Each structure stands twice: as C-alpha cells, then as structure tokens.
Amino acid sequence: MIIAPSILNADNLNLKKDITKAIEAGIGRFHIDIMDAHFVPNLSFGPELVSDFKCSFPMTEAEIHLMSDKPDVLVPAFVKAGADMVELHYEAMDEEKLNYWLDYLVSNGVKTGLVLNPDTPVEVIKNFAPKLDQVLLMTVYPGFGGQKFIPNSVERIAKAREILDEVKKRVPIEVDGGINSKTAKLARDAGAEVFVAGSYIFKNGDIATQVNHLRDIIK
Ligand code: DX5
Ligand code: ZN
C-alpha cells in the first residue's frame, strides 16, 4: 500500500516545509496535480515545480496527474523536468494519441499511468493494460481538492481489479479524490493499493499525524 499525498491543497507558500514533514513521516511519493484551465476548470503547477521538487528531493518520486488535453506540449516538458510517472487522462485524447504518449513515456524510462474519470467505463483499461504501470480511478470529478468521494467508485475499483487480473501484468489501482480514513478503507477493501490524499493530509492539522493515521487504516 502506498500513500501519495497531493500537494494541491498544501500551503503553497510553505510547500517545501509541508513536503519535508510528509517525507519525515515516511512518504516516498507525491502526487502532483497539473491543471490547464481547459480540460479542467482550474489552474495549478507547471514543469518548474517538478524540477525544483526533484532538485530538493531527488530520492522521492514525483507522480504527475496530467489534467490537460495538450499532451504534445506538456508530456515532454514534464519528462524533461524529471517526472517519475506521468498519468494521462483517457478522456483527454483519442486512443491513437494515448498509445503514442504511453510509448513515449516508456521509451524515456518514465512510468505510465492511465486515468479514468468517474463516468468513463472501466472496460477501456483492457486495451492499454500491457503498457501501464498504474491505473488511476478518479473518485471525484477532477479539478478541485476537497470534494466528496463518489460512492459507486467502490464497484468501479472492484471491476477494474478484475479486468487487470485477467491481463496477468501486475498493475496497481490508485484512487484520487475525497480520500479520508473512511473512504480509504472502502477503496482498499475493493482492491485499491495507492491512495492519493490532499486535504486529509494537508488541511487537517498535523501532517505526520494524518499520514500515520491513513497508513494504519490501509495496512
Ligand atoms: C482533483 C485532484 C486531486 C485532489 C485530491 O482533481 O486530482 O488529486 O488534489 O484532493 P482531496 O484529497 O482533497 O480530494
Ligand atoms: Zn490528482
């Protein structure tokens, strides 16, 4: 089980401090939300944030959740910035482009993820599974932190787990949106293994306490 804190709702003016606290609590991977104000109605970080992150924390993984329909501009930029994994939205491009950019990531030694919005049928992962290192099921509609976990996500996780098990390649399922001590347990029981948490970790008092609490719940 892996916890990947989303820094979207961390204190932007104290990011290094917040990230350091999470690392001291045992975190080895961060989830960095990239929003382009086009694919989703919000704007967040650019590639410089990722290169600064890797410069300060070279041993910590940067997982890029790319909420953009401009992969031609952004995928190479985030690869160059040092992303360890780039997760592409199924809804953001056609299947030909998706295959192209997944191959691009593989050939650049960057891990691949495919992201599905809450209303995209989970069956679509079948075609891409051999190229994937991770599947991210959105448990809220992307764009903002602090939203509520969508209850039917639980069935979607179980269904996706079934589909991935048929493909034989070991692909973990990640969940993102509204993860807290209650929803993390539901998601874990359904087959999720990677848990993104933003406001639960960064907007609820002591960061280490929140990380430790979530870790206890999902172990
Ligand atoms: C939403 C983002 C999430 C978000 C999670 O579009 O993809 O990663 O930051 O935040 P919480 O955990 O607050 O729902
Ligand atoms: Zn995200």
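Only a predicted model underlies this, so the values are computations on that prediction, with no experimental measurement involved. Order of listing sets the numbers, starting from 1, for every ligand and every atom in it.
Annotation for ligand 1: atoms under 4.0 Å from non-hydrogen atoms of Ala197 are 12 (O). Each of the following atoms of ligand 1 lies closer than 4.0 Å to a heavy atom of Leu8: 9 (O). The distance from ligand 1 to the heavy atoms of Pro142 drops below 4.0 Å at these ligand atoms: 6 (O). Residue-ligand proximity, Met138 to ligand 1, at heavy-atom distances under 4.0 Å covers atoms 7 (O). Interface of His65 with ligand 1, defined as ligand atoms under 4.0 Å from a residue heavy atom, comprises 7 (O). Proximity to Gly177 (heavy-atom distance under 4.0 Å) selects the following atoms of ligand 1: 14 (O). Within ligand 1, counting atoms from 1 as listed, the ones closer than 4.0 Å to a heavy atom of Met67 are 6 (O), 7 (O). For ligand 1, the atoms sitting less than 4.0 Å from at least one non-hydrogen atom of His31 are 8 (O), numbered in the order shown with element in parentheses.
Of the listed residues (Gly146, Gly178, Gly198, Ser6), the one carrying the non-hydrogen atom nearest atom 9 (O) of ligand 1 is Ser6.
At a threshold of 4.0 Å, the pair Asp52-Lys16 does not count as salt-bridged, since none of the basic side-chain nitrogens sits closer than that to a carboxylate oxygen. We find that Lys54 and Asp84 are joined by a salt bridge, their nearest charged nitrogen and carboxylate oxygen being less than 4.0 Å apart.
Atom 10 (O) of ligand 1 has as its closest protein heavy atom Gly145 CA, 3.6 Å. What sits closest to atom 13 (O) of ligand 1 on the protein, heavy atoms only, is Ser199 OG, 2.3 Å. Distance from atom 3 (C) of ligand 1 to its nearest protein heavy atom, with residue and atom name: Asp176 OD1, 2.9 Å.
The Zn ion (ligand 2) lies closest to atom OD2 when only the N/O/S atoms of Asp176 are considered. For His65, the N/O/S atom at the shortest distance from the Zn ion (ligand 2) is named ND1.
Taking the six-membered ring where tryptophan is involved, the planes of Phe128 and Tyr90 are perpendicular, since the angle between them exceeds 60° and thus also 30°. Ring planes of Phe53 and Phe57: tilted class, angle from 30 to 60°.
For the side chain to side chain contact (heavy atoms under 4.5 Å, CB included) test with His31, the passing option among Val194, Leu136, Ile64 is Leu136; the others fail. Checking Val135, Leu132, Val171 one by one against Thr112, the side chain to side chain contact (heavy atoms under 4.5 Å, CB included) holds for a single residue, Leu132.
Between His31 atom NE2 and Asp33 atom OD1, the angle centred on the Zn ion (ligand 2) amounts to 90° (nearest 10°).
A donor-acceptor pair shorter than 3.5 Å can be found between the side chains of Thr183 and Asn180.
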Check step by step if side chain to side chain contact (heavy atoms under 4.5 Å, CB included) holds for Gln134 and Glu87.
-> CA-CA 8 Å; Gln134 187 163 281; Glu87 303 178 295; 2.9 Å; yes
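Considering backbone and side-chain atoms together, Gly143 places an N or O closer than 3.5 Å to an N or O of ligand 1. Annotation: Asp33 places an N or O atom under 3.5 Å from an N or O atom of ligand 1; distance criterion only. Residue contacts with ligand 1: Tyr141 is placed with no nitrogen or oxygen under 3.5 Å of a nitrogen or oxygen of the ligand (distance criterion only).
Of the heavy atoms in Lys203, none comes closer than 4.0 Å to ligand 1. In Phe144, the part holding a heavy atom less than 4.0 Å from any atom of ligand 1 is the backbone.
Taking every heavy atom of both residues into account, Gly178 and Phe149 meet most closely at O-CB, 3.6 Å. The two residues Lys219 and Arg188 come nearest to each other via the heavy atoms O-NH1, 3.0 Å. For Val175 against Ala187, the heavy-atom pair with the smallest separation is CG2-CB, 4.0 Å.
A donor-acceptor contact shorter than 3.5 Å links the side chain of Gln210 to the backbone of Tyr200.
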